Enquirer: 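Here's a structure for you.
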Amino acid sequence: MKFGVHSILFSDSFLEKDLPLLEKLKKMGFDTVEMPPFDQENFPASKVKQMSEELGLDINIAYGLEPEHNIISPDADVRRAGIDFTKKLVDISNKAGAKIFGGVIYCPWGYTTGKAPTKDEWSWGVEGFREIAEYAASESDLVLCVEPINRMESHFINTLEAGSRFVEDLGMKNVKLIMDTYHLIREETSVYDSITAAGKHIAYVHSNENHRGIPGSGLVPWEEVFRALKAINFDGCMTLESFNPNNENCASMGCIWRKLADSPEQLASEGLKFLKKMAG
């Protein structure tokens, strides 16, 4: 298993000024860095690829779509804009040398309609995301990872079972799931059963505490999580994802209103130590 960390713990976005972070995180013992190209025009994709290759780091790209790029919108023009924009993110991921492009990339992050997903929304989501996946498959070996998130942040895909159905309906080999412990413990009835049932689809793991703090300091049943990952023979990357309350943009997006550690470095280093210990 490899271990990664999300750059959002240290910086609101990822720009050229953040490139030294790659060397810092490599020295801290991480194998992978996940990063968000929120500012697509100024995201240093080529330099990220060059520097990560020199350091021996893997790169994953993360994103949460905006309302104007809603692939499940009742407005066909908005759906089209979402598909085209997500293809652009695929291109950016390839340019950065990413192995995985994932997150809330199938509908807007924070988008809810006040009711359960409809058949039309499901059809629009499958149809639109299949076009994106076909485009990605024609360009590279990039893996697209759909992330089920909790019901407060989306009404569309909340559980690993729903995520598995979405992946199966797509029928594309390059589409998998992110399993995120923060969302998992809010939506599943059994940590072990949900992970093992979705096992063949899980390609990536986000390790989060229930409060987004240092893994091992909260309520996530880590022994059960790792027991399930062992049962499915998971050998991918587990990435520590948290937010820095001093970065106002992302702290607001992630609803982080209090200090989670003395520093981002403490959260990352102690979290990595704990996760490696749990993995054995």
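Residues: numbered from 1 along the sequence shown. Hydrogens, waters and symmetry mates play no part in the numbers below; they use all other heavy atoms, side chains included. Computed from a predicted structure; not experimentally measured.
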Enquirer: Can Arg227 be said to sit on top of Tyr192's aromatic six-ring, NZ or CZ under 6.0 Å from centre and within 45° of the ring axis?
Expert: yes
Enquirer: Can you name the residues that form a side-chain contact (heavy atoms from CB on, under 4.5 Å) with Thr112, not counting sequence neighbours?
Expert: His155
Enquirer: Between the side chains of Lys95 and Asp91, is the shortest nitrogen-to-carboxylate-oxygen separation below 4.0 Å, so that they form an ion pair?
Expert: no
Enquirer: Could you tell me whether Lys27 and Glu23 have a side-chain N and a carboxylate O separated by less than 4.0 Å?
Expert: yes
Enquirer: Hydrogens and angles aside, do Asp39 and Ser13 bring a side-chain donor and acceptor to less than 3.5 Å of each other?
Expert: no
Enquirer: Under 4.5 Å between side-chain heavy atoms, hopping through other hydrophobics if needed: is there a path connecting Val33 to Tyr204?
Expert: no
Enquirer: Under the rule for side chain to side chain donor-acceptor pair (under 3.5 Å), what residues qualify as partners of Glu66, not counting sequence neighbours?
Expert: Tyr63, His69
Enquirer: Do any N or O atoms from the side chain of Arg186 and from the backbone of Ile149 form a donor-acceptor pair under 3.5 angstrom?
Expert: no
Enquirer: Determine whether Tyr106 and Trp124 fall in the same hydrophobic cluster, where Ile, Leu, Val, Met, Phe, Trp and Tyr are linked whenever their side-chain heavy atoms lie under 4.5 Å apart.
Expert: no
Enquirer: Has Glu209 got a side-chain atom pairing as donor or acceptor with Gly216's backbone, closer than 3.5 angstrom?
Expert: yes
Enquirer: For Lys24, which residues count as a salt bridge (Lys or Arg N to Asp or Glu O under 4.0 Å) partner, sequence neighbours excluded?
Expert: Glu265
Enquirer: Under a 4.0 Å threshold between the charged nitrogen and the carboxylate oxygen, would Arg165 count as salt-bridged to Glu161?
Expert: yes
Enquirer: Got a donor-acceptor contact below 3.5 angstrom from the Ser242 side chain to the Arg212 backbone?
Expert: yes
Enquirer: Under a 4.0 Å N-O cut-off, is there an ion pair linking Lys87 with Glu134?
Expert: no
Enquirer: Would Glu168 and Lys176 pass as an ion pair if we require N to O under 4.0 Å?
Expert: no
